[in-house]
Protein chains: 4
Amino acid sequence: MATRKPRQTRSKVTVDTIIEAGFIAVASNGTSGTTTRHIADIAGVSVGSLYEYFKNKEEIYDAMAKSFVKEVLDMVKELTPIIVEMELEPLFEMIFYTFRDLLTRDNDRYLICLQYATELKYERYIGQIEMALMEVLMKYMMRHPKYLKVNNLSVTAYISINSSIFNVARHLILPNPQISFDEMVRGLSTMIISYIDAELAKAES
Amino acid sequence: MATRKPRQTRSKVTVDTIIEAGFIAVASNGTSGTTTRHIADIAGVSVGSLYEYFKNKEEIYDAMAKSFVKEVLDMVKELTPIIVEMELEPLFEMIFYTFRDLLTRDNDRYLICLQYATELKYERYIGQIEMALMEVLMKYMMRHPKYLKVNNLSVTAYISINSSIFNVARHLILPNPQISFDEMVRGLSTMIISYIDAELAKAES
Amino acid sequence: MATRKPRQTRSKVTVDTIIEAGFIAVASNGTSGTTTRHIADIAGVSVGSLYEYFKNKEEIYDAMAKSFVKEVLDMVKELTPIIVEMELEPLFEMIFYTFRDLLTRDNDRYLICLQYATELKYERYIGQIEMALMEVLMKYMMRHPKYLKVNNLSVTAYISINSSIFNVARHLILPNPQISFDEMVRGLSTMIISYIDAELAKAES
Amino acid sequence: MATRKPRQTRSKVTVDTIIEAGFIAVASNGTSGTTTRHIADIAGVSVGSLYEYFKNKEEIYDAMAKSFVKEVLDMVKELTPIIVEMELEPLFEMIFYTFRDLLTRDNDRYLICLQYATELKYERYIGQIEMALMEVLMKYMMRHPKYLKVNNLSVTAYISINSSIFNVARHLILPNPQISFDEMVRGLSTMIISYIDAELAKAES
DNA sequence: CATGAATGAGATTTCATTCAT
DNA sequence: CATGAATGAAATCTCATTCAT
């Protein structure tokens with residue numbers, strides 16, 4: 001019943017292998033098409049082993065969500081020093097391309113799983129990402145104080161961040177997007193920057 | 001074996017009841033938690049009847065997707081005459097609020113099902129919505145020709161539409177959004193209008 | 001999830017068949033040796049059918065216990081009119097032999113299951129049997145008022161009933177009992193009657 | 001493969017710890033709820049160690065049964081010199097209370113396990129207890145020859161012993177017994193003694 | 001000897017689908 | 001047409017046992 005905490009290195013590796021297998025399985029079969037046997041087979045372990053480390057299938061999905069979120073957080077943390085030094089336009093482009101690289105890594109694994117975010121309970125951990133992004137924003141504004149004057153700062157940040165995330169993700173998912181990724185990147189940058197400028201202008205009036 | 005096309009009124013009603021029940025079931029149990037029995041119980045018919053009208057579960061989901069998309073299309077068609085006469089700012093606000101009303105109707109039924117869009121194969125029909133929106137856009141520009149000059153028109157349209165849809169949907173889904181719906185509506189309007197203005201400006205230079 | 005209440009005659013029969021099969025399975029394999037597949041096979045239905053009528057294995061065991069207890073209660077109720085008219089000695093003998101007949105019916109089915117009483121949660125329903133026996137006792141004493149004078153009546157009744165039940169059950173279970181059933185019956189009668197006499201004597205002194 | 005006989009003290013201690021853990025596990029989870037991991041955890045050893053000392057789970061249960069029976073036999077042997085010198089009435093009371101103390105020791109461990117006697121294969125060793133009790137009886141009658149005249153001596157002994165054992169055990173098991181333990185002890189004594197007297201009387205006639 | 005990770009056979013349970021009534 | 005009992009394939013999960021370290 002109580003799943004043993006992995007003490008040995010061997011078991012830590014097994015846990016990671018299972019989570020990894022979970023991503024591969026969901027990416028190629030969707031949530032409802034993925035079975036514990038699938039995951040076990042891909043991980044190269046027995047079904048029994050799955051249950052040594054995870055109380056049930058749900059917990060594997062949970063671990064996958066945690067793992068993805070951690071990866072994003074690590075990425076954000078690593079980029080922060082560079083981010084705060086950049087101008088907005090190149091900054092946005094850099095972020096969008098980096099985000100794309102993360103999502104399309106390993107045959108779009110994360111990207112495809114993102115479509116099953118609800119069933120994978122990603123939402124449970126999204127709060128952490130939002131907090132991390134807010135933190136970066138704070139640091140950015142410390143370094144570029146003029147943006148502190150932006151009207152409705154929190155609204156502006158909220159909308160910009162959400163627009164960015166979903167446009168990038170959705171574009172990657174679409175099989176035949178009507179515009180290219182590069183076009184979208186430039187468009188998104190333009191949109192957000194002109195939005196910020198507009199709110200800055202409002203503030204000055 | 002071949003499921004009969006419902007020609008009589010009684011059958012049509014049953015079919016609609018089942019689709020309705022499908023929405024309720026998925027909204028309260030998710031895709032993986034919804035069984036044919038669930039749907040049958042909610043619809044107040046026997047499981048056998050389900051198969052009288054639908055070849056299998058998949059087809060019920062398919063009909064649900066079709067039904068939702070049809071509703072959106074009807075809404076768009078109905079609004080078109082009003083839309084083309086409006087100025088951008090009130091127009092956006094009107095659209096966002098109308099969209100919200102659609103999604104939150106019947107205890108957020110459509111909104112919640114939207115989270116299971118992938119498993120419900122919504123994507124299959126999304127193209128039709130995009131086409132309808134493009135058509136409205138065309139008509140709008142016939143009536144307001146100055147926007148024909150917008151730089152990268154298709155890119156601008158694509159990004160604006162996507163940003164709108166996802167911001168509205170996500171905001172409604174979030175349990176504790178950091179900003180209010182009204183704030184978001186005004187922000188989104190500002191963002192898109194300043195984006196259009198920016199692209200208009202580019203075009204003129 | 002929710003097991004359907006059997007409305008049709010057909011399903012009532014199935015339920016009974018499953019309970020019946022449960023007794024046969026436990027009698028021949030013990031609690032831990034009995035599987036749902038076993039029961040389904042013996043009942044001649046599919047595993048799935050088991051779960052149409054019982055939420056889980058536990059519930060089948062529960063239904064078995066209920067069914068056994070009901071049988072005992074029916075037996076007691078049916079015998080009551082005869083019981084109250086008899087003298088103690090032939091009464092006890094009659095009861096012991098009737099009880100034996102019940103337990104050894106159908107290849108000792110009930111008797112063997114009695115050994116798994118704990119796992120079958122019989123205890124949950126034993127209270128009902130005790131109440132029924134007490135009721136009979138009351139009626140008996142209405143008809144034979146001299147026993148009302150017995151010293152410590154409730155203690156005497158408790159010990160007599162328990163001694164009877166366990167001696168009969170255990171004797172039937174033992175593979176090579178040192179004494180015959182007839183000897184035991186006579187001994188038990190003697191013991192209880194002399195016990196009652198002793199308590200009657202105490203009361204008179 | 002062949003499990004080694006524990007000759008060293010350390011091994012003997014481990015074996016005892018495991019048997020001890022077996023009792024605790026069964027007492028708190030029942031037979032079907034007890035796993036080898038449970039036992040190992042309680043014993044504070046690894047599952048592997050279990051198999052170092054016991055060929056399989058069955059053997060642990062077997063050792064538990066043996067251990068319980070040995071304890072009873074030791075108790076009987078130790079009490080024999082006192083027993084043979086006592087009069088019947090105080091004797092019975094003494095035995096009942098001593099038996100209770102054994103069963104309720106360590107949070108009712110033995111008592112609870114007694115309910116799983118069938119699955120724990122206690123029966124396999126019960127013969128030894130009966131023999132020991134018969135031996136004590138013999139010695140008692142050597143010392144109190146008048147009881148040698150009892151009619152149907154073996155029947156009387158059999159019924160008395162069984163009535164005693166089951167009444168005591170069952171009373172302890174019952175959550176809300178209708179009579180107190182003391183009342184039962186006195187009642188049981190009265191019953192058996194009057195039974196013996198009755199059989200003595202019969203013999204004299 | 002001790003460990004506990006790994007196994008896999010087999011148990012329980014679910015549920016889309018069929019079909020006799 | 002409607003029903004819902006019955007099905008059984010396939011999923012989830014358990015756990016005694018083994019074996020490399």
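To find a chain, count down the sequence lines: A is the first, B the second, and so on, and within it residues start at 1. Side chains included, hydrogens not; waters and symmetry mates left out as well; all remaining heavy atoms used.
Both D/E58 and A/T34 sit near DNA chain F, but only A/T34 has its closest nucleotide nearer the 5' end. Mapping D/G44 and B/N56 onto DNA chain E by nearest heavy atom places D/G44 closer to the 5' end of the strand. Mapped onto DNA chain F by nearest heavy atom, D/G48 and A/V47 fall at different nucleotides, with A/V47 at the one closer to the 5' end.
Between the CD atom of D/E59 and the P atom of F/dA16 there is a distance of 15 Å, given to the nearest Å. Look at CD on A/E52: it is 13 Å from P on E/dG8, rounded to the nearest Å. Separating the CZ atom of D/R37 from the P atom of E/dA2 is a distance of 19 Å, rounded to the nearest angstrom. Rounded to an integer number of Å, the gap from A/Y51 OH to E/dT12 C1' is 12 Å. Atom CD1 in C/I60 sits roughly 15 Å away from atom P in E/dA11 (whole-Å rounding). Following rounding to the nearest Å, C/L50 (CG) and F/dG8 (C1') show an atom-to-atom distance of 13 Å. To the nearest angstrom, P of F/dT18 lies 16 Å from CZ of D/F54. The NZ-C1' distance, from B/K57 to E/dT18, rounds to 17 Å in whole Å.
Between the side chains of A/T118 and A/E123, no donor-acceptor pair is found at a separation under 3.5 Å.
Within the structure, a side-chain polar atom (N or O) of B/S49 is placed less than 4.0 Å from OP1 or OP2 of F/dT3. Regarding contacts with the backbone of E/dC1, every side-chain N or O of D/Y53 stays at 4.0 angstrom or more from both OP1 and OP2. Considering only side-chain N and O atoms, C/S46 lies nowhere under 4.0 angstrom from the phosphate OP1 or OP2 of F/dA6. Applying the 4.0 Å criterion to OP1 and OP2 of F/dC13, one finds that A/T36 has every side-chain N and O outside that range.
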Step-by-step salt bridge (Lys or Arg N to Asp or Glu O under 4.0 Å) determination, C/R105 to C/E71: CA-CA 12 Å; C/R105 193 194 288 173; C/E71 192 122 22; 2.5 Å; yes
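Across B/Y61, B/Y110, B/Y116, a single residue satisfies ring pair (Phe, Tyr, Trp, His ring centres under 6.0 Å) together with B/F68, and that is B/Y110.
Partner assigned to F/dC15 is E/dG8, using Watson-Crick or G-U wobble distances below 3.5 angstrom. Taking a pair to require two hydrogen-bonding distances under 3.5 Å in either a Watson-Crick or a G-U wobble arrangement, F/dA20 pairs with E/dT3.
Residues B/V72 and B/Y125 are not in side-chain contact: their nearest non-hydrogen atoms beyond the backbone lie 4.5 Å or more apart.
Here E/dT7 is the nucleotide among E/dT7, E/dT17, F/dA6 with the atom lying nearest to any side-chain atom of A/V45. Comparing F/dT17, F/dC1, E/dA16 by their nearest atom to the side chain of B/T35 picks out E/dA16.
A salt bridge between B/R37 and B/D41 is absent, with no side-chain N of the basic residue lying under 4.0 Å from a carboxylate O of the acidic one.
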